[in-house]
Amino acid sequence: MIRLLGRFLRPYWPHIVAIILLQFAQATAALFLPSLNASIIDNGVATGDTGYIWRMGAVMLGVSLLQIGGQVGATWFGARTAMSFGRDLRQAIFDRALSFSAKEVNSFGAPSLITRNTNDVQQLQMLVLMTAIMIVAAPLMMIGGVFMALREDVGLSWLILVAVIFLGTIIGILIVQMTPLFKSMQGKIDTLNRVLREQIAGLRVIRAFIREPTEAVRFDAANHDLADTAIRAGRRMMTMFPSVFFVMNLSSIAIIWFGSFRIADGHLQVGQLTAYLAYIAQILMSVMMATMMVMIAPRAAVAADRINAVLDTSSSVVPPAEPVTAVTLHGELAFDNVSFAYPGADEPVLSGVSFTARPGEITAIIGSTGAGKTTLVNLIPRLFDATEGAVRVDGVDVRDLDPDLLWGQIGLVPQRAYLFSGTVASNLRMGNPDASDAELWQALEVAQARDFVERMPDGLDSAISQGGTNVSGGQRQRLAIARALVRRPEIYVFDDSFSALDVSTDAALRAALATETADAAVIVVAQRVSTIRNAEQIIVLEDGRIVGLGTHDELLSSCPTYAEIVESQFKASEVAA
């Protein structure tokens with residue numbers, strides 16, 4: 001935690017210096033107020049010297065204003081520092097998460113990454129704020145309070161020792177009990193977020209299978225689990241404040257009791273006893289301030305460990321040390337004996353895959369579910385890196401290409417079309433921020449999406465909700481295809497991007513794409529043979545291996561796996577045609 005705080009608070013050292021100085025002024029003023037009050041009582045009130053009372057009262061007013069100014073200033077700088085710290089930390093976590101490959105994202109899980117960037121950062125932000133307000137004032141008032149109390153009367157000093165030890169023991173026991181509870185809470189927040197995200201994303205499936213009662217019980221269990229842990233931690237936290245006030249009040253009673261005997265014996269004056277009471281209150285209040293820090297620190301330490309786990313994790317897809325920033329070939333994709341295995345898997349998903357996709361040609365990939373089609377296309381934009389062999393774009397290994405150059409060459413339409421909240425235009429311009437409206441309409445026309453966009457209330461400016469949930473699955477797919485077309489890349493990758501389209505729309509879209517992508521290499525992953533039968537080359541995958549490579553007619557006679565797929569989708573007369 002110290003390393004994390006030091007790293008992100010370093011830019012704000014001028015604020016920290018100002019906080020320390022302001023807190024020093026505040027604490028010093030607070031320490032002198034009881035002595036000034038005692039002086040007024042013993043030297044002014046007792047003697048009836050009104051002038052002395054007015055003079056010392058003015059001094060007390062000035063000291064009080066200094067204390068107030070120091071507290072306000074320290075709080076102002078502390079709030080700015082804490083909020084800036086939180087902003088920078090969230091940005092760092094977000095940037096690191098964006099650099100992750102699919103492996104790291106799956107390892108942490110999306111719900112946990114969200115919790116770490118929100119709830120965990122808030123815990124550290126609160127620690128910074130409370131520290132900024134108390135870092136100097138609490139210890140200075142505690143140590144200074146002891147010194148000033150002893151200066152008033154040494155005979156009652158044993159009461160300070162007993163009170164501090166008693167209170168410290170209570171707080172220590174509570175801290176030991178709270179730390180594991182706070183750690184457990186963060187994990188349970190992750191679980192609750194995961195369950196909630198699953199239920200929201202799968203709402204239609206839940207309703208289709210009438211699983212609302214079961215899912216409600218599942219959410220209730222995760223919710224109660226978090227609540228029960230939070231209640232146990234909260235009970236221990238809330239025990240601290242009554243403990244501090246109990247010890248404070250008990251100490252005040254003891255001081256008045258034993259102090260009254262010392263006044264009667266002439267060893268102590270009334271003003272000194274009043275000051276002593278104020279100092280014991282300051283000492284114990286400082287302990288309480290430290291207690292608040294102690295309450296926050298265990299949970300913040302757990303949050304810091306979770307955040308460090310993200311920041312200390314490097315992507316398995318490592319940017320090249322000396323990236324290639326220019327290429328001579330354009331639009332050529334080659335797989336050279338590529339194999340890939342997920343971490344911890346017993347068997348590779350892909351084995352010995354080799355083929356070349358050239359500009360102006362369509363390369364189709366087909367195979368049964370789990371054959372490795374999506375994994376194969378994910379290797380092209382380096383969502384994963386091949387464990388063996390090489391994937392080459394424009395003749396250069398993708399691991400050696402500048403990432404921006406690589407991603408600029410590829411237009412990917414993923415298997416699950418995803419749209420961002422905004423408008424139709426803002427989603428399409430993710431492919432090319434400078435695209436004109438005419439270019440957007442052209443892309444929509446090719447993607448067979450122009451008709452339904454024109455029917456929307458505001459056309460290109462029509463609202464799209466998060467995930468594109470306010471349009472149908474087929475409309476989402478066509479908008480995602482249009483987004484890739486707006487980019488005009490050299491390599492198009494369509495990962496089962498036509499599955500939600502009817503046969504006629506599929507045929508019209510493919511006919512329009514033929515002209516639009518004439519100078520680019522096109523990779524099409526599909527389940528329907530009708531979508532790919534006219535491709536220049538068709539790759540048949542089975543268990544991660546290429547078992548057939550050729551045209552539709554060639555594969556019918558040479559690849560039993562492909563022939564079986566075709567026969568399952570067409571009648572015998574249609575296969576021959």
Side-chain angles (χ1 to χ4, degrees), residues 4 86-125 183-206 211 215-216 218-223 225-226 229 299 302-318 340 342-345 349 374-375 377-379 381-385 403 407 412-422 427 430 464-470 473 476-477 480 483 495-496:
L4 186 68
R87 177 200 62 205
D88 295 347
L89 188 54
R90 282 190 294 269
Q91 186 66 51
I93 297 171
F94 177 76
D95 290 343
R96 181 52 60 95
L98 279 185
S99 73
F100 285 163
S101 70
K103 172 188 172 183
E104 287 77 41
V105 173
N106 293 336
S107 175
F108 284 105
S112 182
L113 286 172
I114 292 171
T115 304
R116 292 170 202 240
N117 207 5
T118 52
N119 187 276
D120 288 351
V121 172
Q122 286 176 356
Q123 304 307 321
L124 282 168
Q125 197 169 275
K183 187 172 184 178
S184 178
M185 276 179 62
Q186 298 306 108
K188 294 181 190 301
I189 291 172
D190 284 350
T191 302
L192 184 66
N193 280 342
R194 176 176 54 78
V195 171
L196 185 60
R197 280 172 58 88
E198 285 179 351
Q199 292 175 338
I200 292 174
L203 185 60
R204 284 183 288 185
V205 176
I206 292 170
R211 299 288 294 176
E215 291 301 317
R218 182 165 165 247
F219 178 82
D220 191 56
N223 194 24
D225 196 18
L226 172 60
T229 305
R299 193 170 183 184
V302 172
D305 290 340
R306 287 160 51 86
I307 291 171
N308 276 324
V310 175
L311 297 179
D312 292 343
T313 299
S314 298
S315 175
S316 56
V317 176
V318 183
F340 176 79
Y342 287 102
V349 180
T374 295
T375 300
V377 298
N378 283 343
L379 295 175
R382 291 194 75 192
L383 299 182
F384 299 101
D385 270 342
W407 298 329
L412 174 64
V413 183
Q415 188 173 23
R416 182 187 172 205
Y418 191 89
L419 302 178
F420 293 84
S421 58
N427 273 276
M430 291 189 72
I464 296 292
S465 61
Q466 182 182 1
T469 55
N470 63 331
R476 273 199 303 274
Q477 279 196 337
R483 180 171 58 195
D495 183 8
D496 200 13

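Note: hydrogens, waters and symmetry copies are ignored here, and every other heavy atom, side chains too, is used.
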Is a donor on one side and an acceptor on the other found under 3.5 Å between the side chain of [X] and the backbone of [Y]?
X: Ser112; Y: Gly109; answer: no
X: Gln199; Y: Glu215; answer: yes
X: Arg476; Y: Gly468; answer: yes
X: Ser101; Y: Val317; answer: no
X: Asn470; Y: Ser465; answer: yes
X: Thr118; Y: Ile114; answer: yes
X: Glu104; Y: Ala97; answer: no
X: Asn308; Y: Ala304; answer: yes

- Message: Would you say CZ of Arg211 has more than 12 non-hydrogen atoms from neighbouring residues, nucleotides or ligands within 6.0 angstrom?
- Response: no

From [atom1] ([X]) to [atom2] ([Y]), nearest 0.5 Å:
X: Ile464; Y: Asn427; atom1: CD1; atom2: CG; value: 6.0 Å
X: Thr313; Y: Lys103; atom1: OG1; atom2: NZ; value: 10.0 Å
X: Leu419; Y: Thr469; atom1: CG; atom2: OG1; value: 9.5 Å
X: Ser316; Y: Arg382; atom1: OG; atom2: CZ; value: 9.0 Å
X: Gln122; Y: Asn117; atom1: CD; atom2: CG; value: 10.0 Å
X: Phe384; Y: Leu379; atom1: CZ; atom2: CG; value: 8.0 Å

- Go through the steps for Leu192 and Leu196 under the test side-chain contact (heavy atoms from CB on, under 4.5 Å), then give the verdict. CA-CA 6 Å; Leu192 184 66; Leu196 185 60; 5.5 Å; no

Report yes if the side chains of [X] and [Y] come closer than 4.5 Å at any heavy-atom pair, otherwise no.
X: Leu412; Y: Pro381; answer: yes
X: Gln415; Y: Val377; answer: no
X: Ile307; Y: Leu89; answer: yes

- Run the side-chain contact (heavy atoms from CB on, under 4.5 Å) check on Asp385 and Phe340 step by step: do they pass? CA-CA 8 Å; Asp385 270 342; Phe340 176 79; over 6 Å; no

- ring-ring contact (aromatic ring centres under 6.0 Å, His included) involving Tyr418 - partner list, sequence neighbours excluded: Phe420

- Message: With ring-ring contact (aromatic ring centres under 6.0 Å, His included) as the rule and sequence neighbours excluded, what pairs involving residues 100-124 come up?
- Response: Phe100-Phe108

- Message: Arg306 vs Thr115, test: side-chain contact (heavy atoms from CB on, under 4.5 Å). Steps then yes/no.
- Response: CA-CA 10 Å; Arg306 287 160 51 86; Thr115 304; 3.6 Å; yes

- Query: With the threshold set at 4.0 Å, does a side-chain nitrogen-carboxylate oxygen contact exist between Glu198 and Arg218?
  - Reply: yes

- Task: Specify the closest pair of heavy atoms between Ala222 and Val195, including all atoms of both residues, with the distance to one decimal.
- Result: CB-CG2, 4.4 Å

- Message: Between Leu4 and Leu311, is the side-chain contact (heavy atoms from CB on, under 4.5 Å) condition met? List the steps.
- Response: CA-CA 10 Å; Leu4 186 68; Leu311 297 179; 3.7 Å; yes

- State which residues pass side chain to side chain contact (heavy atoms under 4.5 Å, CB included) with Ser184; sequence neighbours excluded, sorted by chain then number. Lys188, Thr229

